Amino acid sequence: MNLKTFLHLISIFATVITGYFTAYAAVPADKGNIRLLQRLDSIIANQKDIVREKEIRIAGLRQTLAKTKESRERLGLSKQLYDEYIVFDSDSALYYATEARKLTEKVMPDNYDEQTEWKLNEAFIYTVQGLYDTTMELLKGIDSSRLSDDMKSMLYGNLSYIYSMRSVYLLPNKEMSRKDLAIANQYRDSIQAMKLPETHGLLWVPIAAAIDRDGVDISALNVSRLKKKVDQSTGASRDNAIDAYWLSRYYEALGDEDSMVKYKTMAAINDALIVNREIAAIQELATYLFGKGDLNRAYNYLIYTVEQANLYHNRYRMVNLSDVLPTVRDAYREELEKRDRRLSSFVLILGILSLVLIASIIFIVIEFRKLKKMRNLLKEANTELHQSVKERDRSILQRDEAIASLEKANTELNEANKQKLSLLAYAFKLTTQYINALEGYRKKLLKKYKVKQIEDLGVLINDPELIKEQYQGFYESFDRTVLSIYPDFVEDYNKTVPEDSRVSPEAIAKTKTLNTKLRIYALRRLGISKSAEIAEMLNVSIRTVYNNRTNES
């Protein structure tokens, strides 16, 4: 087995192990709202700090109340303490609601709205505690005709809440449960009929009524208003929690699970931040997450809900949780047992993987040493090969230089041959011309001789112009031939003489005529070196040839 195959097997083994771990990894139930859920987790984890702050605030109010004697000031402090306790501690809330009602009757004997408000507050707490008979007895004596619209809406809201809660409590008796739910919706309809401004915080009422009536269409305008309010709300409050809760119920009825989880989580966050222990959102959220397999969150949320219900003494919530919690607890316990078994398997697999890893390291070290040795051998072979390549390249370069020299020599030889052939042709031509000239001159002399023109014959023989003409023709032919054979003739000549003795290539190219110096240089280049021969060929004196040769550098 080579190193590559071994590493490939290790990779396959690691992939199988990773897949095994991943198969049992917890998957978030709702990825789209994971940040909201994580925020809720964080708030619940830090709930003790939030409760401590609230308890410090309540302790301060109670100390102030204990020192206050004036009834009106005591009424104001009792209201504040009721607001703090209303969803935090039902027993304390009931106590301060009763105190506030008594103080209101004393301080405001003629204010029927204020007295009714505190009766309704007491009734709300009794409802939470499951004391429905006490609640109805307390509300029976209220005369709605004496109430303002604001207080009527509060009365109808409380009655709607009471009958709605009792309908759930009476679920085993479906007929009575439906009857109470119908009464609750009638009170909600009464609130809607009053057409109160949006600032009353009752935008959720028509949506709640429509949800409780199966098959009734929900107004898009009502949903839009409520959604706008929830999305734009800042800070935690009970009203914001209620609004978000009913918006989640709307999306739940619509089948939009993502939006349902979003707003139910927002409602739960508001409840947790204000330490609202009369909660429904987080319980329903836990049930949903349990159905999606997120057992950790479902269990933690339900335990939190149970703790809050016990602290708040909420009988309805405790009864309701008693049906759900055992199922979730059993599933959670089973999941923990599965995790323990998986953990044991993981430990065993991890031990095997550790042994494999140690064996892999040993194998890799051995293979690495072999590889290092092979690399050294390869490096030596590569150095030798590199040296051989260098020598080969050097030989090729020398060969190429030799070929280039031969090609250059061959080119020069060919050029010299061409020049020789040109000169040979020129010599043949020149010889022929002179033979023809001599033949013409002979015929001319013979003609004079035949007609006995002895004097004219003498004149012709003594005429020097005849020879000059022949030499002039020779010079012209000689000049053209030299310039055609040697295109760089003038440049080469200028290199051999001082600067003041140089001639213009342009002037020579224009006239196609050489002077005596250039003709002497041309004959020397053609291989004629003796001054006497040069003087004879150019019809000049030896002194002239000598003087022109000494001027060359």
Side-chain angles (χ1 to χ4, degrees), residues 28-30 33 36-45 47 50-51 86-90 124 127-130 161-162 164-172 177 181 184 204 207-208 211-212 230 236 238-253 257 259-333:
D30 194 275
N33 296 298
L36 273 176
L37 291 168
Q38 288 173 347
R39 187 185 174 202
L40 177 58
D41 295 341
S42 176
I43 293 170
I44 291 175
Q47 186 70 187
I50 300 173
V51 171
I86 183 173
V87 290
F88 181 63
D89 186 331
S90 61
F124 172 79
T127 303
V128 168
Q129 293 180 346
Y161 176 76
I162 292 166
S164 177
M165 291 290 287
R166 199 168 73 170
S167 71
V168 178
Y169 195 74
L170 297 173
L171 271 176
S177 177
L181 185 60
W204 59 271
I207 295 174
I211 289 173
D212 286 341
V230 173
R238 188 179 173 210
D239 285 342
N240 289 342
I242 294 172
D243 290 339
Y245 171 75
W246 282 108
L247 191 59
S248 76
R249 289 285 303 276
Y250 162 74
Y251 284 112
E252 184 178 7
E257 291 188 357
S259 297
M260 181 272 288
V261 172
K262 173 183 176 181
Y263 290 107
K264 200 155 296 222
T265 307
M266 289 175 65
I269 288 172
N270 274 278
D271 286 335
L273 287 173
I274 63 172
V275 199
N276 182 1
R277 289 170 173 168
E278 206 305 276
I279 47 180
I282 194 167
Q283 179 183 341
E284 294 178 10
L285 181 62
T287 305
Y288 170 81
L289 294 175
F290 174 72
K292 291 296 182 179
D294 195 347
L295 297 181
N296 279 343
R297 274 202 176 90
Y299 183 74
N300 290 336
Y301 290 174
L302 282 177
I303 291 298
Y304 172 77
T305 306
V306 169
E307 290 175 353
Q308 301 307 306
N310 286 329
L311 291 170
Y312 192 59
H313 306 134
N314 189 329
R315 294 182 183 179
Y316 159 73
R317 200 68 62 194
M318 287 187 286
V319 170
N320 186 266
L321 285 167
S322 64
D323 296 331
V324 180
L325 186 60
T327 303
V328 177
R329 185 178 58 239
D330 292 344
Y332 184 71
R333 185 182 296 112

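This is a predicted model, so every value here is computed, not measured.
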Got a second to check how far [X]'s [atom1] is from [Y]'s [atom2], nearest 0.5 Å?
X	Y	atom1	atom2	answer
K264	L36	NZ	CG	14.0 Å
R39	I44	CZ	CD1	12.0 Å
Y312	I86	OH	CD1	6.0 Å
D243	M266	CG	CE	10.0 Å
N270	I282	CG	CD1	12.0 Å
T305	Q283	OG1	CD	6.0 Å

>> List the residues meeting side chain to side chain donor-acceptor pair (under 3.5 Å) with Q38, not counting sequence neighbours, and say none if there are none.
In response: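 Testing Q38 for side chain to side chain donor-acceptor pair (under 3.5 Å), a comparison that skips the adjacent residues, returns none.
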>> According to ring-ring contact (aromatic ring centres under 6.0 Å, His included), who are the partners of Y250, at least two apart in sequence or on a separate chain?
In response: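 By the ring-ring contact (aromatic ring centres under 6.0 Å, His included) rule, Y250 matches no residue at all.
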> What pairs with F124 under ring-ring contact (aromatic ring centres under 6.0 Å, His included), at least two apart in sequence or on another chain?
Replying inline: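 So F124 forms a ring-ring contact (aromatic ring centres under 6.0 Å, His included) with Y161.
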Which heavy atom of [X] sits nearest a heavy atom of [Y], and at what distance?
X	Y	value
S90	Q129	OG-NE2, 3.1 Å
A298	A286	CB-O, 3.3 Å
S164	A184	N-CB, 3.7 Å
L181	S167	N-CB, 3.7 Å

> Which residues satisfy the side chain to side chain contact (heavy atoms under 4.5 Å, CB included) test with E307, sequence neighbours excluded?
Replying inline: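 E307 satisfies side chain to side chain contact (heavy atoms under 4.5 Å, CB included) with I303 once adjacent residues are dropped.
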>> I242: which residues meet the side chain to side chain contact (heavy atoms under 4.5 Å, CB included) condition with it, sequence neighbours left out?
In response: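 I242 satisfies side chain to side chain contact (heavy atoms under 4.5 Å, CB included) with W204, R238, W246 once adjacent residues are dropped.
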>> For residues 265-275, which residue pairs pass the salt bridge (charged side-chain N to carboxylate O under 4.0 Å, His left out) check, not counting sequence neighbours?
In response: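 For residues 265-275: none.
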Contact between [X] and [Y] at the side-chain level, heavy atoms closer than 4.5 Å - yes or no?
X	Y	result
I279	Y304	yes
V261	Y251	no
Y301	D41	yes
L285	L37	yes
Q308	N276	no

